[in-house]
Number of protein chains: 2
Amino acid sequence: MGLTKYREIANDIRSKILKGIYKKNEQLPFEKELCEKYHASKMTVKKALDLLVAEGLIVKKRGSGTFVKDIQTQEMQRMMLSNQFRGFTATYADRKVSSIVLDFSVISAPERVATYLNIQKDSFVYAIRRVRCVDDQPLVIESMYMPIHVITGLKKEHLEASVYKYIEEDLGLKIQSAHRTIRVRKSTAEEQRHLRMQEHDPVAEVEQVAFLDNGQAFEYSLSVHRYDAFEFKTVILR
Amino acid sequence: MGLTKYREIANDIRSKILKGIYKKNEQLPFEKELCEKYHASKMTVKKALDLLVAEGLIVKKRGSGTFVKDIQTQEMQRMMLSNQFRGFTATYADRKVSSIVLDFSVISAPERVATYLNIQKDSFVYAIRRVRCVDDQPLVIESMYMPIHVITGLKKEHLEASVYKYIEEDLGLKIQSAHRTIRVRKSTAEEQRHLRMQEHDPVAEVEQVAFLDNGQAFEYSLSVHRYDAFEFKTVILR
DNA sequence: AAGTGGTCTAGACCACATT
DNA sequence: ATGTGGTCTAGACCACTTC
């Protein structure tokens with residue numbers, strides 16, 4: 001496999017935790033033992049364990065050892081997901097995901113979009129507006145802008161499936177990170193219609209700027225979530 | 001100073017970015033040059049730069065170099081804050097922070113609290129309920145539970161200031177991480193009263209379990225935020 | 001005192017982009 | 001072809017807990 005050694009080690013230990021081979025509150029083998037087991041140096045093993053710390057799965061106690069955190073397995077699974085960059089389709093991989101495309105056009109970048117994407121104000125961008133559904137329930141209205149000179153050749157069929165899949169698999173680009181801001185507000189009448197909500201239902205608004213591994217911002221999006229289907233989990237360090 | 005070398009290097013480079021000595025979109029010195037400048041090895045410099053990547057300040061391009069991300073300075077400052085663990089008092093360090101203590105008692109841990117804190121169901125915990133204000137505006141209602149055998153000697157005076165300050169400075173404990181879940185919902189009449197909100201105003205609800213560096217969960221809390229004063233920013237990798 | 005994880009080094013080799 | 005950042009090693013020393 002093409003994975004790095006420390007990722008392979010992390011994956012192996014993670015699956016052992018999730019399978020219950022390493023049980024909650026139980027001590028993991030010492031770093032030294034893991035070094036021998038995986039034929040790796042201390043730095044490499046430490047890097048693997050640090051990934052799991054960032055995911056919230058384990059805790060390290062200097063002078064004492066490394067322990068599996070005592071939270072329910074289900075919690076763990078969700079925790080890991082939210083620290084990683086995942087599109088809507090990947091997040092609901094085990095459910096039926098569909099999209100209603102409200103708008104798909106090419107426009108001059110509005111000021112806010114141009115600013116965040118770091119492109120000229122009159123550059124062209126794809127403007128995409130979709131209602132995203134899980135098991136035919138509308139959960140999110142997503143407005144997305146991508147520069148046409150970065151994400152080339154986008155077609156309507158990609159919108160009905162997964163845009164990220166097209167970017168990574170067809171275009172061969174690598175997504176590196178995203179800056180995300182979460183806000184809360186009241187819903188508009190139009191949102192209530194699209195998401196089948198009541199008049200005074202609130203929404204969660206997620207603003208996102210996503211970057212490729214070459215530093216280029218390739219997406220500015222604003223997603224409006226039904227409040228009762230929205231939950232964001234994260235691990236904060238230090 | 002007691003900081004590690006890689007943190008010192010990260011701090012130095014971060015301040016140079018924030019001061020504009022390294023400008024946006026500009027290339028940083030190569031890792032090799034930074035090694036010489038700071039008399040450090042490659043791994044140490046890399047670790048420092050990786051901190052800044054996680055903060056969303058810079059981007060590394062393999063085979064090419066390291067560059068300052070092109071976002072406004074103000075954005076940068078906020079970004080850094082939300083990836084770190086900060087209490088309410090520290091978050092609004094430049095404003096007038098006050099608290100109205102609604103409840104301060106010792107109770108048997110309710111089931112949900114005991115579960116998340118990983119203690120016996122009938123253990124005693126402090127139950128704290130505070131309205132937290134900035135510049136005399138009520139922004140958050142915080143319900144907080146802490147095991148009395150972990151956070152010892154808590155007094156009402158600490159609640160009116162900063163509990164985290166007491167934990168870290170007076171008790172000498174080290175906070176390691178927190179698991180945070182953000183949800184959105186409608187407000188109750190009581191919340192509307194405390195936070196001076198209108199009838200149909202929504203709220204952001206933040207559930208948090210915080211851990212010491214020895215892995216002990218020391219806090220379970222549920223914070224209800226005025227929707228118009230709530231914003232959560234984060235950087236998601238990969 | 002012994003043993004843990006944390007940091008740091010100097011150097012090796014690899015993957016990737018272009019000066 | 002050269003030079004970038006990414007990974008990995010083997011070993012050193014330090015900080016902390018108690019195996």
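Residue numbers start from 1 in every chain, and the chains themselves are labelled A, B, ... in the order their sequence lines are given, proteins ahead of strands. Everything numeric in this text was worked out from a predicted model, so none of it was measured. Computed over heavy atoms, backbone and side chain alike; hydrogens, waters and symmetry mates excluded.
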Let's see if you get this right: which residues in residues 41-49 of chain A place a heavy atom under 4.0 Å from DNA chain C?
A:Lys42, A:Met43, A:Lys46
Whole angstrom is fine here: how far is it from [atom1] in [X] over to [atom2] in [N]?
| X | N | atom1 | atom2 | value |
| --- | --- | --- | --- | --- |
| B:Gln27 | D:dG3 | CD | P | 15 Å |
| B:Glu33 | D:dG3 | CD | P | 13 Å |
| B:Glu36 | D:dG3 | CD | P | 14 Å |

Restricting to side chain to side chain contact (heavy atoms under 4.5 Å, CB included), what partner residues turn up for [X], sequence neighbours left out?
| X | value |
| --- | --- |
| A:Met43 | A:Ser41, B:Met43 |
| A:Thr181 | A:Arg183, A:Glu207, B:Glu231, B:Lys233 |
| A:Tyr92 | A:Phe88, A:Arg95, A:Val97, A:Val134, A:Leu139 |

Which atom pairs, donor and acceptor, lie under 3.5 Å between side-chain atoms of residues 45-62 of chain B and protein residues at least two apart or in another chain?
| residue | atom | partner | partner atom | Å |
| --- | --- | --- | --- | --- |
| B:Lys46 | NZ | B:Asp50 | OD2 | 2.8 |
| B:Asp50 | OD1 | B:Lys60 | NZ | 2.9 |
| B:Glu55 | OE1 | B:Arg14 | NE | 2.8 |
| B:Glu55 | OE1 | B:Arg14 | NH2 | 3.4 |
| B:Glu55 | OE2 | B:Arg14 | NH2 | 2.7 |
| B:Lys61 | NZ | A:Asn214 | O | 2.8 |

Which pairs, with at least one residue in residues 144-178 of chain B and sequence neighbours excluded, count as a ring-ring contact (aromatic ring centres under 6.0 Å, His included)?
B:Phe85-B:Tyr164, B:His158-B:Tyr166
Could you tell me whether the side chain of A:Arg130 and the main chain of A:Leu159 form a donor-acceptor pair under 3.5 Å?
yes
Under the side chain to side chain donor-acceptor pair (under 3.5 Å) test, which residues partner A:Lys24, sequence neighbours left out?
A:Asp70
When all nucleic acid strands are considered with a 4.0 Å heavy-atom cut-off, which category describes A:Ser64: base, sugar-phosphate, or nothing?
base
First and last nucleotide of DNA chain C, 5' to 3', lying under 4.0 Å from heavy atoms of chain B
C:dT7 to C:dT19
Is there any side chain to side chain donor-acceptor pair (under 3.5 Å) pair reaching into residues 167-176 of chain B, and which pairs are they, with sequence neighbours excluded?
none
